[in-house]
Asks: 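Handing you a structure now.
One is the number of the first residue; the rest follow in order along the sequence. Here the structure is a predicted model, which is why all the values come from computation and not from measurement.
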Amino acid sequence: MGCTPEGVANALRGAAAVIAEHRAELIELDRAIGDGDHGENMNRGFQAVVAALDGAVPDTPGAVLKLAATTLISKVGGAAGPLYGTAFLRASTVVSNQPELGAAEVVAALRAGLEGVQARGKAVEGDKTMVDALLPAVAAAEKAGGADVAAVLAAAAEGAASGAQSTVDLVARKGRASYLGERSAGHLDPGARSTALLLEAFAKAAR
């Protein structure tokens, strides 16, 4: 099973529904160690993506990802907009104009998204950011490599979930949470959590 433009659009609609469902949770997580707006910003951004897709679904998966990127960059405030926007933009560039995405293209898109986030936010593993969810997600996806799209995304979602959970014990070294120093430990990073939620939604859509 490959990802058609409509398939990618449906995955983004599913992601928007999951973000809306967990909006309050993301707000609470961000209130503990950030400025409390992550859930609201992410929800607004993904609702805007859905509205854009309702207008018209672009004709390639890459163009759908690019639409998501530009919408998130313009609609999501804080650090999340540029970071998620860059991830989707890099993913769209690497899959280029292909009419359908197979497992290999999905793995390449995830890898490109991670590299975009790291280039933009300069975060590394252990900084208590979304990178702590993305790195194990990409590693798991690459390991599942030859499998189908659903298996690749299921592996990525699992990697992201355990990666996000690992941020609880970390002391933040990036972003607003880093101002708290040691007090940032004991809290789940909101960006890592939203990354895990998105990958979970994509995996569900692929199933």
Asks: I'd like to know whether CD of E158 has more than 12 heavy-atom contacts from other residues, nucleotides or ligands below 6.0 angstrom.
Replies: no
Asks: Between K174 and D127, does any side-chain N to carboxylate O distance fall below 4.0 Å?
Replies: no
Asks: Under the 3.5 angstrom rule, does the side chain of T129 hit a backbone N or O of A123 as a donor-acceptor pair?
Replies: no
Asks: Hey, does V117 have a side-chain heavy atom less than 4.5 Å from the side chain of T86?
Replies: no
Asks: Can you say whether the rings of F46 and Y84 are parallel (under 30°), tilted (30 to 60°) or perpendicular (over 60°)?
Replies: perpendicular
Asks: Do P190 and I27 have side chains that approach each other closer than 4.5 Å (heavy atoms only, starting at C-beta)?
Replies: no
Asks: Verify side-chain contact (heavy atoms from CB on, under 4.5 Å) between V95 and T60, making sure each step is shown before the conclusion.
Replies: CA-CA 9 Å; V95 301; T60 64; over 6 Å; no
Asks: Can you check whether G181's main-chain N or O pairs, donor with acceptor, with S184's side chain at less than 3.5 Å?
Replies: yes
Asks: So which atom in M42 and which in L198 form the shortest heavy-atom distance, rounded to 0.1 Å?
Replies: CE-CD1, 4.2 Å
Asks: Heavy atoms only: give me the nearest A141-V152 pair and the separation to one decimal.
Replies: CB-CG1, 3.9 Å
Asks: What distance separates K66 NZ from T71 OG1, expressed to the nearest 0.5 Å?
Replies: 11.5 Å
Asks: For a quick test of reading the model, state the closest non-hydrogen atom pair linking C3 to V106 and the distance between them.
Replies: SG-CG2, 4.2 Å
Asks: How long is the gap from CD1 on I33 to CG on L188, to the nearest 0.5 Å?
Replies: 8.0 Å
Asks: Look up atom OG1 in T195 and atom CG in L199, then write down how far apart they are to the nearest 0.5 Å.
Replies: 7.0 Å
Asks: Evaluate side-chain contact (heavy atoms from CB on, under 4.5 Å) for Q165 paired with V168, printing each intermediate quantity in order.
Replies: CA-CA 6 Å; Q165 201 50 47; V168 172; 3.7 Å; yes
Asks: Please indicate whether E125 has more than 12 foreign heavy atoms, meaning atoms of other residues, nucleotides or ligands, lying under 6.0 Å from its CD.
Replies: no
Asks: Kindly compute the distance separating CG (L110) from CG (L153), expressed to the nearest 0.5 Å.
Replies: 6.0 Å
Asks: Would you compute the distance between atom CD of E40 and atom CD1 of I19 and round it to the nearest 0.5 angstrom?
Replies: 12.0 Å
Asks: Can you give me the closest heavy-atom contact between P5 and D59, atom names plus distance?
Replies: CG-O, 3.4 Å
Asks: With a 4.5 Å cut-off on side-chain heavy atoms, are E6 and N10 touching?
Replies: yes
Asks: Are H38 and L29 side-chain neighbours, meaning at least one heavy-atom pair lies under 4.5 Å?
Replies: no
Asks: Heavy atoms only: give me the nearest D132-K128 pair and the separation to one decimal.
Replies: OD2-N, 2.8 Å
Asks: Give the C-alpha distance, both sets of side-chain angles, the deciding distance and a yes or no for side-chain contact (heavy atoms from CB on, under 4.5 Å) between L53 and R13.
Replies: CA-CA 9 Å; L53 291 170; R13 290 186 184 107; 4.0 Å; yes
Asks: Do F88 and V57 share a hydrophobic cluster, counting only Ile, Leu, Val, Met, Phe, Trp and Tyr and linking them when any side-chain heavy atoms are less than 4.5 Å apart?
Replies: yes
Asks: Which atoms form the tightest heavy-atom contact between S92 and G62, and what is the distance?
Replies: CB-O, 3.1 Å
Asks: Would you call L26 and N41 a side-chain contact if the rule is heavy atoms closer than 4.5 Å?
Replies: no
Asks: How long is the straight-line distance from CG of D37 back to CZ of R44, given to the nearest 0.5 Å?
Replies: 8.0 Å
Asks: Answer with yes or no whether the hydrophobic clustering places M130 together with L89; edges join I, L, V, M, F, W, Y residues whose side-chain heavy atoms lie under 4.5 Å apart.
Replies: no
Asks: Can you list the steps and then say if L83 with V76 is a side-chain contact (heavy atoms from CB on, under 4.5 Å)?
Replies: CA-CA 10 Å; L83 289 170; V76 180; over 6 Å; no
Asks: Would the distance check show the side chain of T167 and the main-chain N or O of D189 forming a donor-acceptor pair, the cut-off being under 3.5 Å?
Replies: yes
Asks: For the pair E28 (side chain) and E25 (backbone), establish whether a donor and an acceptor sit closer than 3.5 Å, ignoring hydrogens and angles.
Replies: no
